[in-house]
Number of protein chains: 2
Amino acid sequence: MAIEEKTEITESEWEVMRVVWTLEKATSKDIIHVLQEKKDWKPATAKTFIGRLVKKGILNTEPKGNKYIYSAAISEEDSVKSVTDRLFDQICSKAVGKTIADMIAEATLSYKDIELLETALEKKKDEAVDEVACNCVPGQCKCRENHNMNC
Amino acid sequence: MAIEEKTEITESEWEVMRVVWTLEKATSKDIIHVLQEKKDWKPATAKTFIGRLVKKGILNTEPKGNKYIYSAAISEEDSVKSVTDRLFDQICSKAVGKTIADMIAEATLSYKDIELLETALEKKKDEAVDEVACNCVPGQCKCRENHNMNC
DNA sequence: AAAAATCGATTACAGTTGTAAACTTAAGTC
DNA sequence: GACTTAAGTTTACAACTGTAATCGATTTTT
């Protein structure tokens, strides 16, 4: 396999990608327009992020006349995965359960989503553990008493 | 209520906070030591982040001799909440369900966590919708056909 | 054809972040 | 009491980010 470059997408660049993921193919005008509405960005600002994404190889360009049609070089799923992975690296593994529960409580979910979640949860039951270890202070965790995210 | 200042905690600062949240009270030596082990940071690096967190008012200091005992000025729960809020601002609302399901699939969960999640999910069933709208391209969503995170 | 608009590329620039050394002062040690 | 050590403070500095203006080359409009 080829050498995998790290594809860091910043928060602002994400906004551009969301548009492209949604439209699948977009001109700069499309992108600029959406983000002018949605984020109140100046056209120049959107252009900057488009340019950076192209340079990073996260946006593909297909020439059309003297302009480009832009499309995503990496999938939304994969990118979301990267973001959530980072999130769970960041927070205490002991807090993960409660965090997910909070997310469910706040999310807008479809029937299909609920099913999806039920299935996922069902699958998890087999491999549940008694207590998740805190990974914030490796080796010398004092979580038993303190650190009461989820104990 | 008082004016709420935005408490942006960077990823590296988080590592410091994790230690403090876990230990509840910590000396700089504690923090430096843990992060030297865990992240291979030079003491000076940890010191920088401690200093920045103090300046931001995220770490409290309590003098002890000529040094300080540090403690968290904001709770882990609240901070985790901020991070997940930002996550869900970032990703398409249509993708939220599947994203949570993926997180469940990957997480290490305790029995208690599973219960927590079941309860949260059960509560959600009443208010499930037919289809979650994409919020990436407001007003002109073409998600029906494309953008197949979760359709 | 001249003028105006557009698109992509280049440049700008301040604030944030990661990473750390150096400095200052106080405290413990020999 | 001189020396070493440790803690907190100051300074450094490059890369990354957000935010945009400007420029150069075309294309469209009048």
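Reminder, nothing fancy here: chain letters follow the sequence lines and each chain counts from 1.
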Who pairs with [X] by salt bridge (Lys or Arg N to Asp or Glu O under 4.0 Å), at least two apart in sequence or on another chain?
X      : result
B:E115 : none
B:D85  : B:K81
A:D30  : none

Is the closest side-chain donor-acceptor distance between B:S110 and B:D113 under 3.5 Å? yes

5' to 3' contact window, DNA chain D with chain A (heavy-atom distance under 4.0 Å): D:dT17 to D:dT27

Residue list, side-chain hydrogen bond (donor to acceptor under 3.5 Å, both in side chains) with [X], at least two apart or on another chain:
X      : answer
B:K123 : none
B:E11  : none
A:E37  : none
A:K39  : none

Salt bridge (charged side-chain N to carboxylate O under 4.0 Å, His left out) contacts in which one or both residues fall within residues 62-73 of chain B, not counting sequence neighbours: B:K25-B:E62

Tell me which pairs pass salt bridge (charged side-chain N to carboxylate O under 4.0 Å, His left out) where either residue lies in residues 45-55 of chain B, with sequence neighbours left out. none

What string of B, S and - do you get for nucleotides 12-23 of chain C 5' to 3' if you count protein non-hydrogen atoms under 4.0 Å? B----SBBBB--

I need the residues from residues 57-67 of chain B with at least one non-hydrogen atom less than 4.0 Å from DNA chain C; give them sorted by number, or say none. B:N66

